[in-house]
There are 2 protein chains.
Amino acid sequence: MSTTSTAPTGRRARTRQRLIDHGLELIERQGYEQTTAAQIAAAAGVTEMTFFRHFATKEQLVLEDPYDPFLASGIGEQPRELPPLRRAAAGILAVWRSLPEPEQPEIRRRVRIAARTPALRGAMWRSTGNTEAAIVAQLVDDGTDPLDARVAASAVLAALVTGLYAWADGEVETLGAAIERALAVVGADRD
Amino acid sequence: MSTTSTAPTGRRARTRQRLIDHGLELIERQGYEQTTAAQIAAAAGVTEMTFFRHFATKEQLVLEDPYDPFLASGIGEQPRELPPLRRAAAGILAVWRSLPEPEQPEIRRRVRIAARTPALRGAMWRSTGNTEAAIVAQLVDDGTDPLDARVAASAVLAALVTGLYAWADGEVETLGAAIERALAVVGADRD
DNA sequence: GCGACTATGTTAGTGACTAACATTTCCCTC
DNA sequence: GAGGGAAATGTTAGTCACTAACATAGTCGC
């Protein structure tokens, strides 16, 4: 096997990347609804069918899960006396602070498109499913009632996504600042 | 003008009601994706075109905003010392407690369908737009920073919707109990 | 170079919607 | 209780997201 496990370079990977590049550019220029899958495919030098073989839906071209179930991993280290919402928020904040800064320009481009496209704002919630499940599992593991855990997880992710939108729109300088503020509102630090 | 402002009974209203009745029944029996707009229209004795004249999208047949911007009206009466998330949660809880019990069977039917249909879970967030805006406006009016207000509003609504799902799925006995629990998790009462 | 496998192309279809125009049904007025 | 005009619905012909079945073309190990 090749050692370049992080950046595959086969034919399929190249086609996929062309679809992403041309797709995001077209969508930013013309808007999401005004850009058809066929257009993107043509721009990438490929047929519509091939587009859908790479992305099950048009949404997925934009919403390549920017979320990460890994975010939930810090929750277990938070004091159990805290109520679930604050434990979740504090745990995510701790993980975030320990992470290297991610690929911001690419993520921001995607989030900005999602923030401006009503149809995608809804889809964004679906794409957080894995992360939400991970947060719920972690909270329940630590003894939280399952319903309370689901409520807390959805609230924390809603706050996070809202913060991301603000960052993508330029209301907040850095991604880090947006996340810190969003999590503060849901009680990551004591209020 | 007629005095029956609450229950229109014209031809259009009757057609709309037939579409809702047959639509919800078909969808509950066969699933949302498996039920086409044409099927629903035929069951209601009209054409597909008429269906879309009553509901801009198939989603809207199910998601006739069960949310109410009126929920935001109690936020102004909460103490301003509270952080925004808790003010929003406490305000909504206060309004809820002051309301008469709504039409539960109909709402529950809709929420249950939405809870079981991934495509609708995303759409549900879009349909809370008005309520979210009302909460944000109320918080900002009372002096909250706009970004914090948006984060708090989205978190409160996420909690509410998650509670509603649990109620529709039968995990919580009453709608009231579901709402109280969901709002408690986001700090409606002191923790 | 040659097969096996993978990536892409072709064709034909379904279903959610939209636009433009024709037709029916209701209801209000005289 | 006709008649006219608006509201409600029907018809037709599309576009676009997405799917299925089968055909072709690159690619890679050997």
Side-chain angles (χ1 to χ4, degrees), chain A residues 1-5 8-24 26-27 30-64 113-114 117-123 126-127, chain B residues 1-5 7-24 26-27 30-64 113-114 117-120 122-123 126-127:
Chain A
M1 317 151 192
S2 114
T3 52
T4 60
S5 60
T9 97
R11 183 153 81 120
R12 185 174 169 84
R14 284 196 313 265
T15 300
R16 179 189 179 84
Q17 197 54 50
R18 281 207 316 275
L19 284 168
I20 291 176
D21 291 343
H22 289 101
L24 292 185
L26 281 173
I27 288 174
Q30 322 177 339
Y32 177 80
E33 324 262 9
Q34 287 71 43
T35 305
T36 73
Q39 259 177 54
I40 297 172
V46 89
T47 65
E48 194 186 356
M49 187 69 253
T50 293
F51 177 97
F52 286 109
R53 273 199 271 252
H54 283 268
F55 303 95
T57 67
K58 201 175 113 185
E59 287 173 357
Q60 287 194 12
L61 179 83
V62 180
L63 301 179
E64 288 233 65
I113 292 172
T117 308
L120 288 179
R121 295 189 71 134
R126 249 171 289 149
S127 82
Chain B
M1 315 150 192
S2 117
T3 52
T4 60
S5 58
T9 130
R11 183 152 82 119
R12 186 175 169 83
R14 283 195 315 267
T15 300
R16 180 189 179 84
Q17 197 54 50
R18 281 206 317 276
L19 285 169
I20 291 176
D21 291 343
H22 289 100
L24 292 185
L26 282 172
I27 288 173
Q30 322 178 337
Y32 176 81
E33 323 262 10
Q34 287 70 45
T35 306
T36 73
Q39 261 177 53
I40 297 172
V46 297
T47 64
E48 193 186 357
M49 188 69 253
T50 293
F51 177 98
F52 286 110
R53 274 198 270 250
H54 283 268
F55 304 96
T57 67
K58 201 174 112 185
E59 287 173 357
Q60 286 195 11
L61 179 83
V62 180
L63 302 179
E64 288 233 65
I113 292 173
T117 309
L120 288 179
R126 251 172 287 148
S127 82

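Just so it is clear: chains get the letters A, B, ... in the order the sequence lines come, proteins before strands, and each one is counted from 1. Owing to the predicted nature of the structure, the values given are computational and were not obtained by experimental measurement.
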Item checked: Partners meeting side-chain hydrogen bond (donor to acceptor under 3.5 Å, both in side chains) with Arg16(B) (sequence neighbours left out) -> Glu64(B)
Next item on the list: Starting from P on dC17(C), measure out to CD1 on Ile40(B) and report it in whole angstrom.
Entry: 11 Å
Item checked: Comparing Arg11(A) and Ala56(B) on DNA chain C - which has the more 5′ nearest nucleotide -> Arg11(A)
Note to self: Expressed as a whole number of angstroms, how long is the span from Glu59(A):CD to dC18(D):P?
What the structure shows: 7 Å
Next item on the list: May I have the distance from Arg12(A) (atom CZ) to dT6(C) (atom C1'), rounded to whole angstrom?
Entry: 9 Å
Next item on the list: Compare all side-chain heavy atoms of Thr36(B) with those of Gln39(B) and state whether any distance is below 4.5 angstrom.
Entry: yes
Pairs: protein N or O with nucleotides 10-16 of chain D N or O, under 3.5 Å:
unit_1  : atom_1 : unit_2   : atom_2 : d
dG10(D) : OP2    : Thr47(B) : N      : 2.9
dG10(D) : OP2    : Thr47(B) : OG1    : 2.9
dG10(D) : OP2    : Thr50(B) : OG1    : 2.5
dG10(D) : N7     : Arg53(B) : NH2    : 2.4
dG10(D) : O6     : Arg53(B) : NH1    : 3.1
dG10(D) : O6     : Arg53(B) : NH2    : 3.3

Notebook entry, point to check: Below 4.0 angstrom from OP1 or OP2 of dA7(C), is there any side-chain N or O of His54(A)?
Noted result: no
Margin query: When you compare the side chain of Arg18(B) with that of Val46(B), does any pair of heavy atoms fall below 4.5 Å?
Written below: yes
Item checked: Test side-chain hydrogen bond (donor to acceptor under 3.5 Å, both in side chains) applied to Gln17(B) - qualifying residues, sequence neighbours left out -> Asp21(B)
Next item on the list: Take atom CG of Leu61(A) and atom P of dA17(D), then tell me their distance rounded to the nearest Å.
Entry: 12 Å
Check: Phe51(A) CZ to dG9(C) P: how many Å, rounded?
Finding: 14 Å
Next item on the list: Kindly write out the residues that satisfy side-chain hydrogen bond (donor to acceptor under 3.5 Å, both in side chains) with Thr35(A), not counting sequence neighbours, or none if the list is empty.
Entry: Gln30(A)
Notebook entry, point to check: With sequence neighbours left out, what residues match Thr117(A) under side-chain hydrogen bond (donor to acceptor under 3.5 Å, both in side chains)?
Noted result: none
Next item on the list: Find the distance Phe55(B):CZ to dT9(D):C1' and express it as a whole number of Å.
Entry: 15 Å
Next item on the list: List for me each residue that meets ring pair (Phe, Tyr, Trp, His ring centres under 6.0 Å) alongside Phe55(A), sequence neighbours excluded, and say none if there are none.
Entry: Phe51(A)
Note to self: If the helix axis at each end comes from five base pairs, how far does the helix from dG1(C)-dC30(D) to dC30(C)-dG1(D) deviate from straight, to 10°?
What the structure shows: 20°
Checklist line | Partners meeting side-chain contact (heavy atoms from CB on, under 4.5 Å) with Ala43(A) (sequence neighbours left out) | finding: His22(A), Leu26(A)
Check: Under the 3.5 angstrom rule, does the side chain of Arg121(A) hit a backbone N or O of Ala114(A) as a donor-acceptor pair?
Finding: no
Check: Taking atom C1' of dC18(D) as reference, at what distance in whole Å does atom CD of Gln60(A) sit?
Finding: 12 Å
Notebook entry, point to check: Does the side chain of Thr15(B) come within less than 4.5 Å of Arg12(B)'s, by heavy atoms?
Noted result: no
Check: Does anything in residues 45-61 of chain B pair up under salt bridge (charged side-chain N to carboxylate O under 4.0 Å, His left out), and if so which pairs, sequence neighbours excluded?
Finding: Glu59(B)-Arg126(B)
Next item on the list: Give, ordered by number, those residues of residues 13-21 of chain A having at least one heavy-atom distance below 4.0 Å to an atom of DNA chain C; if nothing qualifies, reply none.
Entry: Thr15(A)
